[in-house]
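Inspection log for the structure reproduced underneath, given as structure tokens.
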Amino acid sequence: MFKKLKQKILSLPMFVNYRKMWPYVKPYSFRAICAVLVTLPIGSFDALTAWILKPYMDVVLVEKQVAAASLMPLVIVAGSFLQSFCNYAATYLNTWVGQKITIKLKGDLYHKLLEKEANYFDHTSSGDIIMNFSKCAETACSGLLANVKLFTTRIFSSISLIGVLFWNSWQLSIVALLFMFGALLPLTKVRKKIKSIMSKQIGGMAAITTHYNETFAGNRIIASYNLHEYQEKKFMNDLTGLFKVSIKMVQKTGMLSPMIHFIISLGIAGAIWLGSYLIVTHQISSGNFVSFIAALLMLYGPIKGIGNTFTSVQMSFMMMDQVFATLESIPTIRNVDNPVHIDGVHKDIVYDHVNFEYIPGKPVLKDINAKIEIGKMYAFVGNSGGGKTTFVNLIPRFYDIKGGSILIDGVSVKNIDLHDLRENIAIVFQDNFLFNGTIRENILLGKKDYKEEDLQKAIESACLTDFIKTLDKGLDTEIGERGVLLSGGQKQRVAIARAFMKNAPIVILDEATSALDNKSEAIVQQAIDNLMKDRTVLVIAHRLSTVKNADKIFVINEGNIVEEGTHEELIALKGEYAALYEMQFKTKKN
């Protein structure tokens, strides 16, 4: 029976979460234990104050002993000083330990975020990510420490005060404790009712964060399309939704404090009624009664306000649940046991009956068969949304295929070590992401084992030399968040320079010049031509004039390879490629 009770207690959310949190607390356990120990005097002083009232009443007020009257206030002042010092020490230690735990927890969560696959970011808002990987950890840790301090302080205080109660009168103590446990009973019924509301509240807070992020990232679109009123309306709608959820929370929990307050009042009234009888019958002294009532009020005080803190405590537990659910999640795209390590791509890349879909039941690529030989240039053209970008994104495993296999030198990409696989592929996107920092940092991307002459060669090959010479700080010029201080062509050339520094044998160019004007395109195209030398190149192109020299062109429409061959072969076929080329040629001519 005791074993089952123990298991039941340990299965409570509080104990489950604290057990999971222990590995994060363990490195700082000495300070954490000290933080708990210094709460002993904090809680016990309440009992000292209540206990000293008995001799004060009996000796000073009844027996009129003046010497005792001056001694007892000194005891209270000394005890209060000790309690204040311990309170500061507990706060300092808890904050120190809490910050250390938060740093480690956030570090692990960020590591988990970096492991997430592209599909996760496709379906998760920035607000949800900030909530799940940052704010949840902060709330969980602050709640953990607040709960530990509150729990330890109150447990020692309660034990001490209950001791004072029984020391003064066991009859009154039984009455008081019955009402105390009765007051706590409603709390056991509320947790399940508010769990769904808390989930909506967390979702609402994430939505608000997303609005701020989108306003920051899309400020020019908002300004150019005069979206101020539209965005404000959306923001206010979400704020109103969050308000409604908050009100529902109050409706579910708002009666807790009044109900507890009422039950506690019954307990105090009962104690006064019975205490009066015991005094009259000379079973307890006036000092006993005053000391008992003081201890009872100190014991009941925090309980009366527990309804107000119950929601925040539950929110803390829910945040802990979310944090550990995130930490325990397993990425869908990850290394197999004992993955194959590669030091390059030496033969070919083969698509063998490959099928892929983003949404179940809606195929994007259908039974694709293709062979990409090393050292050649391959181009992918076709209508928008036909599957060109998806085709090349499957090689570095941004997504995993649903059927068939993709083989590099005869080994499935699923069996190749992810780091090795991606180390052999450089990608230049249509809209390349640049990090906040300098041009140098964005070209190197953390690379430390490089030679300065290699960096200068990459800059020259990417046609960046003349541009960098115009900058006062050269390579160490700050470019702003997302490279906002650079033009589109300059961003592309920085991205090409980083591809040069990576020096990967396979290069993927995802419509790298489609968003540029003619002058910028010419410069970037020259940089791309330099990058393509002596590499296997996969080009996704909208402008067919840029892929005429490809060794093979794949025409992909509606998830199928409908044509393949050289430029001349496809023109001779007079099929879809020829029609696309003719249309672009006429447009350019006109």
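Any value given below was found using the heavy atoms of this structure, including those in side chains, with hydrogens, waters and symmetry copies removed. Bear in mind that the values here come from a model prediction, so they are computed numbers and not experimental data.
Contacts of D128 classified as salt bridge (charged side-chain N to carboxylate O under 4.0 Å, His left out), with partners at least two apart in sequence or in another chain: none. In terms of the salt bridge (charged side-chain N to carboxylate O under 4.0 Å, His left out) criterion, K135 has no residue partners (sequence neighbours excluded). Partners of E373 by side-chain hydrogen bond (donor to acceptor under 3.5 Å, both in side chains), not counting sequence neighbours, listed by chain and number: K376. In this view, D409 satisfies the side-chain hydrogen bond (donor to acceptor under 3.5 Å, both in side chains) rule with no residue, not counting sequence neighbours. For the ring-ring contact (aromatic ring centres under 6.0 Å, His included) test, residues two or more places apart in sequence or in another chain that qualify with F356 are Y358, Y399. Take R397 and apply the salt bridge (charged side-chain N to carboxylate O under 4.0 Å, His left out) test, not counting sequence neighbours, and it matches D400. The ring-ring contact (aromatic ring centres under 6.0 Å, His included) test applied to H211 returns F235, not counting sequence neighbours. With sequence neighbours excluded, no residue forms a side-chain hydrogen bond (donor to acceptor under 3.5 Å, both in side chains) with D352. Qualifying salt bridge (charged side-chain N to carboxylate O under 4.0 Å, His left out) partners for D348, counting only residues two or more places apart in sequence or in other chains: K371.
Put simply, the side chain of V411 does not reach to within 4.5 Å of the side chain of I342, judged on heavy atoms. Residues M583 and L580 are in side-chain contact: their nearest non-hydrogen atoms beyond the backbone lie under 4.5 Å apart. Between V381 and I553 there is a side-chain heavy-atom pair separated by less than 4.5 Å. In this structure the side chain of D417 never reaches within 4.5 angstrom of the side chain of V340, judged on heavy atoms. Looking at Q322 and N132, their side chains come closer than 4.5 Å, going by heavy atoms from C-beta outward. Looking at V507 and L538, their side chains never come closer than 4.5 Å, going by heavy atoms from C-beta outward. T209 is not listed as a side-chain neighbour of E214, based on a closest heavy-atom distance of 4.5 Å or more. Residues R498 and N442 are in side-chain contact: their nearest non-hydrogen atoms beyond the backbone lie under 4.5 Å apart.
The existence of a salt bridge linking K548 and E568 is excluded, since no basic side-chain nitrogen approaches an acidic carboxylate oxygen closer than 4.0 Å. Between D108 and K104 a salt bridge is recorded (basic side-chain N to carboxylate O distance below 4.0 Å). Using a 4.0 Å cut-off between charged nitrogen and carboxylate oxygen, E115 and R334 do not count as a salt-bridge pair.
One N or O on the side chain of Q492 and one on the backbone of F429 form a donor-acceptor pair closer than 3.5 Å. Looking only at distances, a side-chain donor or acceptor of K112 sits under 3.5 Å from a matching main-chain atom of L327.
Applying the ring-ring contact (aromatic ring centres under 6.0 Å, His included) test to every pair with at least one member in residues 101-125, sequence neighbours left out, gives no pairs at all. Applying the ring-ring contact (aromatic ring centres under 6.0 Å, His included) test to pairs two or more places apart or on separate chains, those with a residue in residues 362-385 are F380-F391, F380-F554.
Atom OG1 of T210 is separated from atom CD1 of I129 by 9.0 Å, given to the nearest 0.5 angstrom. Taking NE2 of H419 as the start and CG of N335 as the end, the distance is 10.5 Å to the nearest 0.5 Å. The distance from the CZ atom of R422 to the CD1 atom of I416 is 12.0 Å, given to the nearest 0.5 Å.
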Trace of the side-chain contact (heavy atoms from CB on, under 4.5 Å) decision for E569 with T566: CA-CA 5 Å; E569 290 170 345; T566 63; 3.1 Å; yes
Go through the steps to decide whether L509 and I540 satisfy the test side-chain contact (heavy atoms from CB on, under 4.5 Å), and finish with yes or no. CA-CA 6 Å; L509 303 171; I540 300 168; over 6 Å; no
Passes side-chain contact (heavy atoms from CB on, under 4.5 Å), S329 versus K116? Steps please. CA-CA 10 Å; S329 64; K116 290 293 183 182; 3.4 Å; yes
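With no hydrogens or angles considered, no side-chain donor-acceptor pair links E478 and T438 at under 3.5 Å. Remark: the N355 side chain and the D367 side chain contain no N/O donor-acceptor pair separated by less than 3.5 Å. When only modelled atom types and interatomic distance are considered, Q490 and S487 share a side-chain donor-acceptor pair under 3.5 Å.
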Under 3.5 Å, which donor-acceptor pairs link side chains of residues 448-467 to any protein atom two or more places apart or in another chain?
unit_1	atom_1	unit_2	atom_2	d
E452	OE2	Q456	NE2	3.1
S461	OG	K457	O	2.8

